[in-house]
Amino acid sequence: MNKEEIFTKLNSIFRDIFDDDTIVLSEGTTATDIEGWDSLTHISLIAAIEDEFGIRFDMKDVLKMKNVGEIADRIAALAG
Amino acid sequence: MTLTSFSFFVFFASSVLCYYLLPLKFRWITLLVFSAVFFALSSSPFTGLYPIICILVTHFCSIKIHQNSPMNPGRARRYLTCGIIIILGMLAVLKYNGFFLLHWNVLAARIGLKGTGHELNWLLPLGISYYSLLAIGQMTDVYRGMTEPETNLFKTALFIAFYPQLTAGPITRYGEMREELFTGHPFSWTNFTHGLQRMLWGLFKKLVLSTRLALIVDGVYGDVEVYNGFYIWIAAGLFMLQLYTDFSGYMDIILGASEVYGIKLPENFRTPFFSRSVQEFWQRWHITLGAFMRDYVFYPLERSRFMTHMRRFFTKAFGRKTAGKLTTNLALLCLWLLIGLWHGGAYKYIFGWGLWFWLCLVLGQAGEPCWKKLRVFFKVRTDSFSWHLFQSLRTFLLVSIGNIFFRTGSLKAAFRAIRLGLTTAVNPWVLFDGSYTRFGLSEKEAVLIAVGLLVLLLVSVLQRSGSVREKIDRQGIVFRWALYFLLIFAVIVFGKYGPDYDPADFIYRGF
């Protein structure tokens, strides 16, 4: 799976979770750029990503991934 | 020995002298020795056994977890589980045995069995609620691969028992603290003076403000039948301020003392009264406890197999977004009940600092569409100062209601106080008719509280735009020293000592 496909799917998940159709993700998008991305929604977001891509992040990933670029990199590594 | 006693300052000065007289690489040993002395002087010798067990378990399990992690994750997990059970087992037996026995006896009576046992009146070891969390955090971080285990037993001992944070936190992470604690820090005039300034500010909050606020709060909650109506709500607000000045003052002394050694501990408070929601309040109040609960309880619970199945089930029924909210709120309920229980084995904590805040969060979130309509209807300008002020006052009120449970003797007493606050005469004039004198406060002391709280507000406003101490550093020498002398003078002259002075009486030290 290439980065572009990952970003397309991520964009759709983010829009769904944060109820905002204007979200356009980039590598550097962080929690401060998206209203409502806090520690509570972070975990729902992670679960939705895992379900969508059929992967499982370990806890280190969950705690350390700080922007969308890092999330996409881990997805690429885990999804192969 | 507590951090506001004279003996502590003698102890602290000796430790600083020894610390800086020794070569850099031995400085952590000074801290370890002084931490052991501090523990010995602050609690009964028998209770020293528990931190020793905690240190040995943490050290041994961390190494075993690391050795087994790559090749045998199942065994690593068993070591982690075993370590956590021992640490939590000690905490449960020492802190919560009365709470558990009470329920067991009630249950036993219901099913026709003979209730067993009496409450174990063993001494609760100093700081056990804090160092237990440090130990669990260290083992879990090693298991998660977020940090290497410590190979030197004495360094593990220092991390668990570093004396400034031993009694009330902050709850630190091993990965963040290893450099801070074990790399000896060269003497820095800035660290030294900033540390002392912070300790002084903490003493001001505790001795000048908190102890005086306590007089009114204790007076009202001591007899709510007499002091009812508006008294109850004033006392609830003042207890919020008392708790803040007490706990954050304690933190200032702890963080300031550590800074004198060159050690930076994480902040536990970030101007909480500017919070515009209960959720934001908990991101600014007792920050390290909230972060610990998030990373070691909430996230693992949310990612557990049970929750994953629940989320999938809810997703099919209600869609992804609602499913996420439902499981998050379920995990949050467990988290808040645990936070309540951490504060003490009593329903007043479980309800007042657990269920109440969970309800505030869930109702705030669930009612958001409704609140949004109301904001539109009343044409609220959400970026205006008045709206922010309203939100902060609303948060203060909600948290103060939770604090009524914290302060009163029991759940029943808290509901009684709230009932008396709502159903008796409306008497707001007690704010202005000198009623405070009934609680042993003179007019001058009331003025002192008012001025002190204004200074606190000013400092909080300044803190929002950066470090106040750095701002003071940029001022001229006359202004700076005038300020320091004023603060020293205030602590010495206005500090509440006298015959009733009890240096052990920090609220959060009891945990």
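By convention in this document, chain letters (A, B, ...) are assigned in the order of the sequence lines, proteins followed by strands, and residues within each chain are numbered from 1.
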Check your understanding: Is the side chain of B:Arg303 donor-acceptor paired with the backbone N or O of A:Phe57 at a distance under 3.5 Å, no angle test?
Key -> yes
Check your understanding: Hey, is the main chain of B:Gly145 close enough, under 3.5 Å, to the side chain of A:Lys60 for a donor-acceptor pair?
Key -> yes
Review point. With respect to chain A, which residue among B:Lys325, B:Gln279, B:Met307, B:Gln283 yields the maximal number of heavy-atom pairs within a distance under 4.5 Å?
Key: B:Gln279
Study note, to complete from the structure: The interface call for B:Thr308 against chain A, heavy-atom contacts under 4.5 Å, is side chain
Practice item. Give, as side chain, backbone, both or neither, the part of B:Phe298 having an atom under 4.5 angstrom from any heavy atom of chain A. Key: side chain
Revision key, fill the gap. When B:Leu361, B:Asn329, B:Leu332 are each screened for side-chain contact (heavy atoms from CB on, under 4.5 Å) with A:Leu40, the one that passes is B:Leu332
Give a yes or no on this: more than 12 heavy atoms of other residues, nucleotides or ligands lie within 6.0 Å of atom [atom1] of [X].
{"X": "A:Glu27", "atom1": "CD", "value": "yes"}
{"X": "B:Arg77", "atom1": "CZ", "value": "no"}
{"X": "B:Glu179", "atom1": "CD", "value": "no"}
{"X": "B:Lys372", "atom1": "NZ", "value": "no"}

Point to revise | Electrostatic pair B:Arg311:A:Asp51 at N-O distance under 4.0 angstrom | key: no
Check your understanding: Given the options A:Thr41, A:Val62, A:Ile46, which has more heavy-atom pairs under 4.5 Å with chain B than any of the others?
Key -> A:Val62
**Study point:** Winner by heavy-atom pair count (cut-off under 4.5 Å) against chain B, out of A:Arg56, A:His42, A:Lys64
**Key:** A:Arg56
Exercise for review: Using a 4.5 Å cut-off on heavy atoms from C-beta on, say whether the side chain of A:Met59 contacts that of B:Asp295.
Suggested key: no
**Study point:** Shortest non-hydrogen contact from A:Ser44 toward B:Gly324
**Key:** OG-O, 3.7 Å
Revision key, fill the gap. Closest non-hydrogen atoms of A:Ser39 and B:Arg294, given as atom of the first, atom of the second and distance, are CB-CD, 3.4 Å
Study note, to complete from the structure: Rounded to the nearest 0.5 Å, the OH atom of B:Tyr143 sits from the CG atom of A:Asp58 at a distance of 10.0 Å
